[in-house]
Number of protein chains: 2
Amino acid sequence: MTSTEVSPPETTHRPEALADSIRAAGLRVTAPRLAVLLALAESPHSTADRLFASVRTDLPGTSLQAVYGVLAAFTAAGLTRKIEPSGSAALFERRVGDNHHHIVCTRCGTVRDVDCAVGAAPCLTPEDASGFAVQAAEVTYWGVCPTCQVELATTLSSAPLLLNKGAR
Amino acid sequence: MTSTEVSPPETTHRPEALADSIRAAGLRVTAPRLAVLLALAESPHSTADRLFASVRTDLPGTSLQAVYGVLAAFTAAGLTRKIEPSGSAALFERRVGDNHHHIVCTRCGTVRDVDCAVGAAPCLTPEDASGFAVQAAEVTYWGVCPTCQVELATTLSSAPLLLNKGAR
DNA sequence: GTCCTTGTTTTGAATTACTCAAAATAAGAC
DNA sequence: GTCTTATTTTGAGTAATTCAAAACAAGGAC
């Protein structure tokens with residue numbers, strides 16, 4: 001229980017550390033679970049499908065449903081967090097327990113973490129919440145990532161994909 | 001002609017006004033489009049499916065795909081806005097062009113508009129955007145709506161559904 | 001170390017939300 | 001009224017995710 005730590009490099013990749021965090025969450029340690037956690041350390045914002053592909057290289061017998069199961073268990077246990085940016089499949093990340101947000105590239109879909117704009121608990125206070133008891137605020141920024149900015153400037157410019165924010 | 005009562009806001013419910021706004025967006029005026037717009041006036045945050053059901057009562061021949069088509073055209077034309085709160089199907093609303101956000105009830109899924117907490121263009125400036133050129137910021141609040149608060153307090157309390165924010 | 005219980009994964013199928021495409025239809029300019 | 005072209009219908013397909021039963025294995029009991 002306790003300790004949803006935020007992770008120093010060692011704890012994010014060392015098998016024993018990974019196993020410990022799984023156990024600490026009250027879950028059994030299994031190969032697919034370790035593999036998913038490791039894959040998430042390598043690409044911190046991944047779809048189930050991407051993780052499945054990654055896990056498969058080490059553990060060819062693993063099924064996609066297993067990955068979904070692992071992610072559901074992890075997310076329920078607070079070991080991972082699930083985010084669902086408009087227009088993409090759900091993404092999972094290991095950075096949990098802090099209140100951070102995300103910026104998504106409207107051209108290539110890349111996601112980066114963004115710390116709270118306004119201190120620790122940000123936009124958590126809408127002026128008029130219509131009587132709702134507010135529990136959380138989730139911010140998604142949309143923009144063009146550095147790489148795509150360059151590509152656009154270089155007039156490699158083809159039609160920008162425009163994920164689906166502005167119009168569309 | 002002359003004066004229908006002042007009951008519904010005129011521009012959001014009057015057929016001619018609806019038709020005008022569709023035409024103004026450069027689109028042809030059709031029965032399904034009018035019906036969708038009207039249905040949206042009645043429930044301002046609706047899924048395609050909900051709108052389909054609503055439209056069907058007046059226009060039984062309408063297909064679900066037509067509704068999807070109408071909504072895609074409207075959204076591309078800036079006549080409606082599409083929002084996709086985690087864990088639910090896409091919702092559509094007619095309030096566009098202003099920068100407003102949403103609060104979603106974690107128990108029943110109800111959605112309400114929320115005006116910007118921090119002036120007109122809010123969290124639009126993350127402290128560190130990792131070099132992204134930020135185009136938009138989207139805020140989703142999660143909480144318990146007044147009705148559900150009462151129901152929970154009344155210890156009608158069954159297991160709260162917990163849409164899917166905190167854990168799960 | 002072996003056994004047993006119970007959580008986890010596999011296997012196989014179903015579901016939801018949504019998209020695509022061709023043919024039929026109808027708005028609106030003429 | 002006619003014609004062009006946007007829109008809708010009809011019919012099918014897909015991606016992401018979930019459900020359920022049976023096989024399997026982690027970790028505590030012995």
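Letters A, B, ... are given to chains in the order of the sequence lines, protein chains preceding strands, and every chain is numbered from 1.
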Any luck finding a side-chain donor-acceptor pair between B:Ser43 and B:Arg50 under 3.5 Å? yes

Please tabulate the protein-to-nucleotide N/O contacts below 3.5 Å involving nucleotides 28-30 of chain C, giving atom names and distances.
unit_1, atom_1, unit_2, atom_2, d
C:dG28, OP1, B:Val29, N, 2.9

To the nearest 0.5 Å, what is the distance between CG (A:Leu91) and OG1 (A:Thr80)? 12.0 Å

Salt bridge check, A:Glu93 against A:Arg95: does any charged N sit closer than 4.0 Å to a carboxylate O? no

Just to be sure I understand the rule, does A:Ala90 reach a base, reach only the sugar-phosphate, or reach nothing, if contact means heavy atoms closer than 4.0 Å? sugar-phosphate

Can a side-chain donor-acceptor contact be found between B:Asp113 and B:His45 if the only test is distance below 3.5 angstrom? yes

The criterion is salt bridge (charged side-chain N to carboxylate O under 4.0 Å, His left out); which residues satisfy it with A:Glu42, sequence neighbours excluded? none

What is the distance from CD1 of A:Ile83 to C1' of D:dT17, rounded to the nearest Å? 17 Å

Separation of atom CG in A:Leu79 from atom P in C:dT8, rounded to whole Å: 12 Å

Any donor-acceptor pair under 3.5 Å linking the side-chain atoms of A:His101 with those of B:Glu138? no

Of the residues in residues 46-69 of chain A, which ones touch DNA chain C at a heavy-atom distance under 4.0 Å? A:Gly61, A:Thr62, A:Ser63, A:Gln65, A:Ala66

Tell me the interatomic distance from B:Leu91, atom CG, to C:dT16, atom C1', rounded to whole angstroms. 15 Å

Could you tell me whether A:Glu151 and A:Arg107 have a side-chain N and a carboxylate O separated by less than 4.0 Å? yes

Donor-acceptor pair, B:Gln149 side chain versus B:Val144 backbone, under 3.5 Å? yes

Taking atom C1' of C:dA26 as reference, at what distance in whole Å does atom CG of B:Leu34 sit? 14 Å

Would you kindly give the CZ-to-P distance between A:Phe74 and C:dG7, to the nearest whole Å? 17 Å

